[in-house]
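Shown below is the structure under consideration.
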Amino acid sequence: MFKRFLGLFSNDLAIDLGTANTLIYVKDKGIILDEPSVVAIRELPGGPSPKSVLAVGLDAKAMLGRTPANIRAIRPMKDGVIADFTVTEVMLKYFIRKALENRYFRPSPRIVICVPCGSTQVERRAIKESALGAGAREVHLIEEPMAVAIGCDLPISEPTGSMVLDIGGGTTEVGIMSLGGIVYSNSLRVAGDTFDEAIVSYMRRRHGVLIGEATAERVKKSIGTAWSKSEVREIEVKGRDLAEGLSRSVAVRSDEIYQAISDPLTTIVDAIRVALEQAPPEISADIAEKGMVVAGGGALLRDLDQRLMDETGLPVIVAEDPLTCVARGCGRALDEIESLGDVFTHE
Amino acid sequence: MENNEELMQQPGVDNPLPGKLLRETRTGRNLTLEQVADDLCLTPQQVEAMENDDYADLPGATYVRGYLRNYARLLGLPEERILETAAIPTTVIMSGAGNRKAAMAVENTRNTTVAFLTAVIVAILLGLIYSWWQSRETPGPEPVTSSDTAQSLPESVRGAAAPAAASAAGQSAATQTSAEVASPPAASAAASGDVIPESAPANLPAAAADAGTPQDNAAPAATEPVSVSSADGSNLVLKFSADSWVDIQDASGNTLIRRTVPAGETIAFRGTPPFKVFLGYARGVNVNYRAEDYDVTPHISGAIARFTLQ
């Protein structure tokens with residue numbers, strides 16, 4: 001009774017706690033926070049508190065790879081799960097405080113957080129505890145494929161199969177839904193970060209130039225492509241020459257990036273094939289007719305849908321605003337929390 | 001491409017459905033339905049349905065928008081314009097069983113009106129509780145405070161007060177006794193030592209006016225101690241040298257006072273004895289009962305004192 005009374009005043013939140021970015025959806029307001037999941041920590045040797053948080057979010061991301069010895073800019077989420085519990089809690093607290101504008105009257109919110117479908121019970125509990133520690137009154141978990149499906153308005157409650165692919169920063173999720181439940185799901189630890197690492201590796205191997213992950217991400221976003229028939233583009237990349245140790249500029253073409261990220265992309269395509277094999281025949285037929293929806297930051301990779309259509313023979317649809325799809329789905333689940341009760345997952 | 005732009009921006013044609021444009025562009029490029037369907041991984045029937053603007057047999061709004069976008073991109077048409085002009089029906093995500101639950105959920109969703117009304121009701125309740133609490137603090141007869149001593153004390157006392165103030169104006173403020181009090185009753189009280197110093201009423205201009213003593217002493221006269229005799233014998237006068245909580249009840253149980261009295265104030269009461277007295281800081285209170293100083297020391301326990309005056 002008291003909780004329901006408090007609920008009248010609290011701003012409930014839906015959080016897409018991603019490896020790369022954290023998005024917060026506030027009930028009745030929409031997505032009001034979209035910041036990188038990065039925390040900068042200053043280490044104070046001998047001080048009263050050995051560590052203090054220097055910056056969170058956008059400010060902290062600007063520090064990645066550019067910190068002196070006593071500051072560490074870290075990403076507390078790795079592969080879609082919590083790698084550093086304490087820092088994640090600090091980050092969540094910061095984001096929640098930023099999302100809830102009211103400074104004086106701030107009742108504890110109900111929170112919906114999405115989790116990778118491949119996460120373990122321990123990892124799910126860690127995320128839940130972290131949100132409770134950050135001030136949540138009640139925490140619900142929802143699996144990412146389900147959140148994507150809800151965010152994309154797929155007819156998940158109907159007796160027809162719907163397939164989604166969510167390529168995030170740390171994980172790629174493949175899910176098939178029908179009648180409000182998940183028929184098949186799989187989580188790969190191959191995603192945007194893997195593409196960046198592959199580009200770094202390619203540049204070192206092919207051009208003998210060492211670049212950082214932030215530069216690799218920039219290259220991926222500007223000229224990266226997933227399809228061999230894409231229009232060829234070129235970009236200048238600056239890095240450190242491994243032989244001479246000096247800064248050097250290299251012209252990189254999009255077909256090179258295609259080669260660089262080809263391996264992780266093949267892994268993703270294989271996962272889709274496995275999902276189609278594992279699905280019951282009726283659902284496979286539905287998917288073959290309707291196609292697959294792609295969301296997450298990876299969906300913005302140029303011509304990814306063309307590559308997937310070529311490889312799988314399915315119609316492939318890139319979700320509208322794929323970066324916020326999970327957060328929108330979580331938010332919609334929050335808005336209709338009573339009616340969508342069975343879409344949430346339990347530890 | 002230019003022809004497509006022209007077609008979409010024809011005057012007099014407001015938002016034409018995109019099917020015709022898609023078909024004309026496709027035939028203009030010598031593409032068959034089968035070729036397009038093959039490129040888009042769709043069936044020719046689905047492509048034809050899009051060209052006929054008939055979305056009823058297509059899976060749902062999300063898929064239709066995706067198919068149209070892919071088709072527009074294949075033909076090199078502006079995707080957003082095609083989507084804007086398409087009349088795609090919206091789908092309900094939770095149909096069937098979900099709707100029943102959704103109907104039940106309506107009352108549970110946050111309603112700002114309910115929240116506002118609840119806040120108003122709570123505010124009213126808090127206001128009522130506060131006013132009730134205030135009314136509890138001042139029950140029974142009003143205690144006689146220094147500011148209205150002149151009105152509440154007996155005539156004889158009031159009569160004595162004015163000359164007392166006048167004469168006291170000539171005295172030092174530190175002098176608590178009134179040996180030179182001109183008034184006979186006051187003088188007798190002074191003689192017996194039952195002098196209760198009290199601030200002179202501020203509304204006694206005569207007192208100040210009659211003070212023939214030096215002008216610089218006239219102003220302090222207003223706050224000079226005065227003698228108050230206990231004419232009817234049942235007067236209880238408390239003089240506070242320190243802040244103290246006071247709670248006094250008379251014989252009938254009426255609460256005469258229940259509050260913290262600041263230092264420097266003097267309060268006189270009349271009522272039916274016995275008085276039940278409770279002092280929060282007894283050492284800071286001088287009790288004068290029936291014109292005699294009452295020693296509270298035997299009743300002091302810690303800082304408080306609780307006793308009954310018969």
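In what follows, chains carry the letters A, B, and so on, assigned in the order in which the sequence lines appear, proteins first and then strands, with residues in each chain numbered from 1.
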Practice problem: Starting at OG1 of B:Thr62, measure out to CG of A:Leu154 and round the result to the nearest 0.5 Å. | Solution: 5.5 Å
Quiz item: When rounded to the nearest 0.5 angstrom, what is the spacing between CD in A:Glu289 and CG in B:Leu42?
Solution: 10.0 Å
Quiz item: Would you call A:Ile317 and B:Arg65 a side-chain contact if the rule is heavy atoms closer than 4.5 Å?
Solution: no
Quiz item: Of the options A:Ser162, A:Pro315, A:Cys152, which is the one that meets B:Tyr63 in a side chain to side chain contact (heavy atoms under 4.5 Å, CB included)?
Solution: A:Ser162
Quiz item: Hey, which residues of residues 297-308 of chain A are touching chain B, say heavy atoms under 4.5 Å apart?
Solution: A:Asp305, A:Gln306
Quiz item: Heavy-atom distance under 4.5 Å to chain A: side chain of B:Asp39, backbone, both or neither?
Solution: backbone
Self-check item: Part of A:Val316 lying under 4.5 Å from any heavy atom of chain B
Solution: backbone
Quiz item: Step by step, would you call A:Lys290 with B:Leu58 a side chain to side chain contact (heavy atoms under 4.5 Å, CB included)?
Solution: CA-CA 8 Å; A:Lys290 292 194 300 185; B:Leu58 295 176; over 6 Å; no
Exercise. Report, as yes or no, whether the 6.0 Å neighbourhood of atom CZ on B:Arg283 holds more than 12 heavy atoms from other residues, nucleotides or ligands.
Key: no
Practice problem: Enumerate by number any residue of residues 318-328 of chain A whose heavy atoms lie under 4.5 Å from heavy atoms of chain B; in the absence of such residues, state 'none'. | Solution: A:Val318, A:Glu320
Exercise. Determine whether more than 12 heavy atoms belonging to other residues, nucleotides or ligands lie under 6.0 Å from atom CD of A:Glu282.
Key: no
Exercise. With sequence neighbours excluded, tell me which residues meet side chain to side chain donor-acceptor pair (under 3.5 Å) with A:Thr225.
Key: A:Ser230
Quiz item: Taking only residues two or more places apart in sequence, or in another chain, which ones meet B:Leu31 in a side-chain contact (heavy atoms from CB on, under 4.5 Å)?
Solution: B:Arg26, B:Arg29, B:Gln35, B:Val36, B:Leu75
